[in-house]
Amino acid sequence: MNKQDQMKLGLWLAEKKDDPWIRGKNDCCTFFHEWHDKLHGTNTLDKIYGKYNNLTGAIRFARKYYKVENWFPENGYTQVEEPQTGDIVMVEGSHFPSSYIICMNFAWSISDNAKRLTRHALDVPMGTYSIWRYTNGS
């Protein structure tokens, strides 16, 4: 990720810092879609925004729509081993994956029931995870 995009990410995270978690509208899934769209001029968020509003709906939606191993390569991402600013980390959960965006050696997300954006130490996640970097498919 170039310096200009890193700055754009940092500013965007600062704008998002006080937005409360709302399932299906401002959660870990919509979070990375919103960033992807902002950076690449796409509208992937439109396909998921408001499609679920409770845990059961989120689980059903994730099972039907969301396959990490398909979505990322289809949208120009390559799986990598070591995270850097701009990468998206997907951590498999019991019901659906949780997403984190890496910025300046921290993992940022909107965790379930969080009152605002959450910052996490950049440690190896518990369980299965994958790291995705936008490379435009190259």
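Fair warning: this is a prediction, and the values are worked out from it, not measured in the lab.
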*Asks:* More than 12 non-hydrogen atoms from neighbouring residues, nucleotides or ligands closer than 6.0 Å to NZ on K16, yes or no?
*Replies:*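 Buried by this count: over 12 neighbours within 6.0 Å.
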*Asks:* Look at atom CG of N54 and say whether more than 12 heavy atoms of other residues, nucleotides or ligands are closer to it than 6.0 Å.
*Replies:*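 Counting other residues, nucleotides and ligands, CG of N54 exceeds 12 neighbours.
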*Asks:* Looking at every non-hydrogen atom in both residues, tell me the closest pair between M1 and L9 and how far apart they are.
*Replies:*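 Answer, listing the atom of M1 first, then L9: SD-CD2, 4.4 Å.
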*Asks:* Looking only at atom types and distance, does a side-chain atom of T30 sit under 3.5 Å from a main-chain N or O of G24, one as donor and one as acceptor?
*Replies:*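 Such a contact is absent between T30 side chain and G24 backbone.
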*Asks:* Go through it in stages, so that I can follow the logic: the residues are V68 and E92, the test is side chain to side chain contact (heavy atoms under 4.5 Å, CB included), and I'd like the CA-CA distance, side-chain angles, deciding distance and then a yes or no.
*Replies:* CA-CA 10 Å; V68 169; E92 291 299 321; 4.2 Å; yes
*Asks:* Can you tell me if K115 has over 12 outside heavy atoms packed within less than 6.0 Å of its NZ?
*Replies:*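 Count not over threshold, so no.
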*Asks:* In the hydrophobic cluster built from side-chain contacts under 4.5 Å, what are the other members alongside I22?
*Replies:*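 None; I22 is a cluster of one.
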*Asks:* CZ of R63: more than 12 outside heavy atoms within 6.0 angstrom?
*Replies:*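 At most 12 heavy atoms, drawn from other residues, nucleotides or ligands, come within 6.0 Å of this atom.
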*Asks:* Do you know the tightest heavy-atom contact between L117 and L13?
*Replies:*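 Nearest heavy atoms, L117 then L13: CD2-O, 3.5 Å.
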*Asks:* Any link between F96 and V89 through a network of hydrophobic side chains (Ile, Leu, Val, Met, Phe, Trp, Tyr) touching at under 4.5 Å?
*Replies:*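 F96 and V89: separate clusters.
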*Asks:* Write out all pairs satisfying ring-ring contact (aromatic ring centres under 6.0 Å, His included) with one or both partners inside residues 6-31, taking only residues at least two apart or from two chains.
*Replies:*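 Listed by first then second residue: W12-F31, W12-W35.
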*Asks:* In terms of ring plane angle, is the pair W71 and H36 parallel, tilted or perpendicular, where the classes change at 30° and 60°?
*Replies:*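 The arrangement is perpendicular - the two ring planes meet at more than 60°.
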*Asks:* Please lay out, stage by stage, how L39 and Y134 fare under the test side chain to side chain contact (heavy atoms under 4.5 Å, CB included).
*Replies:* CA-CA 10 Å; L39 190 60; Y134 186 78; 5.7 Å; no
*Asks:* Rounded to the nearest 0.5 Å, what separation is found between the CD1 atom of I102 and the CD atom of Q84?
*Replies:*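 It comes to 10.0 Å.
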*Asks:* Would the distance check show the side chain of Q6 and the main-chain N or O of G86 forming a donor-acceptor pair, the cut-off being under 3.5 Å?
*Replies:*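 Absent.
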*Asks:* May I have the step-by-step check of ring-ring contact (aromatic ring centres under 6.0 Å, His included) for W132 and F32, ending in yes or no?
*Replies:* CA-CA 11 Å; W132 298 91; F32 89 83; over 10 Å; no
*Asks:* N26 and P20: which non-hydrogen atoms are nearest, and at how many Å?
*Replies:*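 Looks like ND2-O, 2.8 Å.
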*Asks:* Is atom CZ of R23 surrounded by more than 12 heavy atoms (other residues, nucleotides or ligands) closer than 6.0 Å?
*Replies:*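 Counting other residues, nucleotides and ligands, CZ of R23 exceeds 12 neighbours.
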*Asks:* Just how far is it from atom CZ of R133 to atom OG1 of T85, taken to the nearest 0.5 Å?
*Replies:*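 The CZ atom of R133 sits 10.0 Å away from the OG1 atom of T85.
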*Asks:* Take atom CD in E69; do more than 12 heavy atoms of anything else shown fall under 6.0 Å from it?
*Replies:*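 Yes, CD of E69 has more than 12 neighbouring heavy atoms, counting only those of other groups under 6.0 Å.
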*Asks:* Grab the two heavy atoms, one from Q79 and one from S130, that are nearest each other, plus how far apart they are.
*Replies:*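 Minimum heavy-atom separation between Q79 and S130: NE2-CB, 3.3 Å.
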*Asks:* Between M90 and Y129, is the side chain to side chain contact (heavy atoms under 4.5 Å, CB included) condition met? List the steps.
*Replies:* CA-CA 5 Å; M90 300 298 289; Y129 68 95; over 6 Å; no
*Asks:* Is the backbone N or O of S109 less than 3.5 Å from a side-chain atom of T118, with the two atoms forming a donor-acceptor pair by type?
*Replies:*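 Such a contact is found between T118 side chain and S109 backbone.
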*Asks:* D87 and E82: which non-hydrogen atoms are nearest, and at how many Å?
*Replies:*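 For D87 versus E82, the nearest heavy atoms are OD2-O, 3.8 Å.
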*Asks:* Consider only side-chain heavy atoms of I, L, V, M, F, W and Y, link residues closer than 4.5 Å, and tell whether V91 and V80 are in one cluster.
*Replies:*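 Looking at the clustering, V80 is in the same group as V91.
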*Asks:* Taking all non-hydrogen atoms of both residues, which atom of C28 and which atom of S98 are closest, and how far apart?
*Replies:*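 Smallest interatomic distance, heavy atoms only, reads SG-CA, 3.7 Å.
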*Asks:* Which Ile, Leu, Val, Met, Phe, Trp or Tyr residues join M104 in one cluster when any pair of side-chain heavy atoms under 4.5 Å counts as a link?
*Replies:*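 Once heavy-atom contacts under 4.5 Å are chained together, M104 still belongs with nothing else.
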*Asks:* Working to the nearest 0.5 angstrom, can you tell me the gap between K8 NZ and K38 NZ?
*Replies:*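 Atom-to-atom, K8:NZ and K38:NZ are 7.0 Å apart.
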*Asks:* Listed by chain and number, what are the side-chain contact (heavy atoms from CB on, under 4.5 Å) partners of F106, not counting sequence neighbours?
*Replies:*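 For F106 the side-chain contact (heavy atoms from CB on, under 4.5 Å) partners, ignoring immediate neighbours, are W108, R119.
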*Asks:* Which distance, rounded to the nearest 0.5 Å, do you find between the CZ of R116 and the OG of S111?
*Replies:*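 If we round to the nearest 0.5 Å, R116:CZ and S111:OG are 12.0 Å apart.
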*Asks:* Any chance you could measure L122, atom CG, to N105, atom CG, to the nearest 0.5 Å?
*Replies:*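 Going from CG on L122 over to CG on N105, the span is 6.0 Å.
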*Asks:* Roughly how far, to the nearest 0.5 Å, is CG of D19 from NZ of K25?
*Replies:*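 With rounding to 0.5 Å, NZ (K25) is 13.5 Å from CG (D19).
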*Asks:* Which residues pass the ring pair (Phe, Tyr, Trp, His ring centres under 6.0 Å) test with Y52, sequence neighbours left out?
*Replies:*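 If we apply the ring pair (Phe, Tyr, Trp, His ring centres under 6.0 Å) test to Y52, skipping adjacent residues, the hits are F61.
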*Asks:* Evaluate the criterion side chain to side chain contact (heavy atoms under 4.5 Å, CB included) for residue pair R60 and T56; output intermediate values, then yes/no.
*Replies:* CA-CA 6 Å; R60 286 184 182 144; T56 302; 3.6 Å; yes
*Asks:* Looking at residues at least two apart in the chain, or sitting in another chain, which of them share a ring pair (Phe, Tyr, Trp, His ring centres under 6.0 Å) with H120?
*Replies:*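 Partners of H120 under the ring pair (Phe, Tyr, Trp, His ring centres under 6.0 Å) test: Y100.
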